[in-house]
Number of protein chains: 2
Amino acid sequence: MEEKVMSIGTVCDLTGLTERQIRYYEEKKLIFPVRSKGGARKYSFEDVERVKEINGKLRDGFHTFELRKAGKACCE
Amino acid sequence: MEEKVMSIGTVCDLTGLTERQIRYYEEKKLIFPVRSKGGARKYSFEDVERVKEINGKLRDGFHTFELRKAGKACCE
DNA sequence: CGTGTAAGGAATTCTGACACG
DNA sequence: CGTGTAAGGAATTCTGACACG
């Protein structure tokens with residue numbers, strides 16, 4: 001599914017990461033959650049997979065700016 | 001997907017119903033969300049469909065206790 | 001750079017109840 | 001019966017910042 005329906009806490013549960021890490025990946029333009037009326041971030045299952053992948057790459061020594069290219073399109 | 005990941009507010013957004021209605025359907029044993037540590041209800045996309053179906057049936061004149069049978073197994 | 005944390009506020013969700021019909 | 005609402009509390013999420021390295 002590609003629907004953005006879960007809050008950051010759920011993503012933490014599914015990935016084992018912290019809110020801080022997930023928000024940071026967004027800050028670095030690696031993931032793009034949508035916002036609910038209240039301003040809360042909403043993620044999709046796709047985002048969850050992406051977050052796991054990002055964290056894995058970082059563990060392998062990559063840097064966030066290098067991962068940006070690995071996304072869908074490129075540059076910008 | 002069958003994973004319970006969205007909070008009640010998201011279900012409201014997806015179904016157009018109120019929290020009250022959704023909680024009531026649970027009270028009547030028509031849906032079974034799980035609870036997060038904090039006690040918040042978590043629903044799956046399947047639950048969302050079920051909620052829509054329930055509300056539709058109610059509009060058609062059915063009563064909650066009649067819809068219970070329509071679920072998976074029966075009685076209990 | 002990637003992540004931890006304390007800080008204060010705003011939005012979310014919870015339960016039990018009274019209401020109408 | 002199915003749903004609305006006001007009530008008070010507890011848990012969630014948000015942002016900007018200081019910290020380490």
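Values below: all heavy atoms of this structure, side chains included; hydrogens, waters and symmetry mates excluded. Chain letters run A, B, ... following the sequence lines, proteins first and then strands; every chain starts at 1.
Taking atom CD of B:E27 as the reference point, atom P of C:dA17 lies 12 Å away to the nearest angstrom. In this entry the distance linking OH of A:Y25 with C1' of C:dG4 reads 13 Å, nearest Å. Atom OH of A:Y43 and atom P of D:dT12 are 16 Å apart (whole Å).
B:R35 comes within 4.0 angstrom of the backbone, heavy atoms only, and of no base.
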Any N/O pairs under 3.5 Å between the protein and nucleotides 5-11 of chain C? List them or say none.
residue: C:dT5; atom: O4; partner: A:R20; partner atom: NE; Å: 3.2

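Under the 4.5 Å side-chain criterion, counting only non-hydrogen atoms from C-beta, A:V5 is not in contact with B:V11. Between B:L67 and B:E53 the shortest side-chain heavy-atom distance does not fall below 4.5 Å. The shortest side-chain heavy-atom distance between A:R35 and A:R41 falls under the 4.5 Å cut-off.
Taking a 4.0 Å limit (strictly below) on heavy-atom distances, residues 5-19 of chain B reaches DNA chain D at B:T18.
In this model, the phosphate group of C:dT13 is not approached by any side-chain N or O of B:R41 to a distance below 4.0 Å at OP1 or OP2.
For B:L58, whose side chain is taken as the heavy atoms from C-beta onward, the closest listed nucleotide among D:dT3, C:dT3, D:dC14 is D:dT3. Here D:dG2 is the nucleotide among D:dG2, C:dT3, D:dT15 with the atom lying nearest to any side-chain atom of B:Y24.
With the 3.5 Å cutoff on both pairing distances, Watson-Crick and G-U pairs in DNA chain C assemble into runs of at least 3 at C:2-5 with D:17-20, C:17-20 with D:2-5.
Electrostatic pairing of B:E26 and B:R23 does not count as a salt bridge here, judged by no charged N lying under 4.0 Å from a carboxylate O.
Here A:E49 pairs with A:K52 under the side-chain contact (heavy atoms from CB on, under 4.5 Å) rule; sequence neighbours left out. Applying the side-chain contact (heavy atoms from CB on, under 4.5 Å) test to A:R59 and every residue at least two apart in sequence or in another chain returns A:N55.
Heavy-atom nearest nucleotides on DNA chain D were determined for A:A40 and for B:H63, and the one closer to the 5' end corresponds to B:H63.
Within the structure, every pair that satisfies the salt bridge (charged side-chain N to carboxylate O under 4.0 Å, His left out) test and touches residues 4-15 of chain A, not counting sequence neighbours, is listed here: A:K4-A:D47, A:D13-B:K37.
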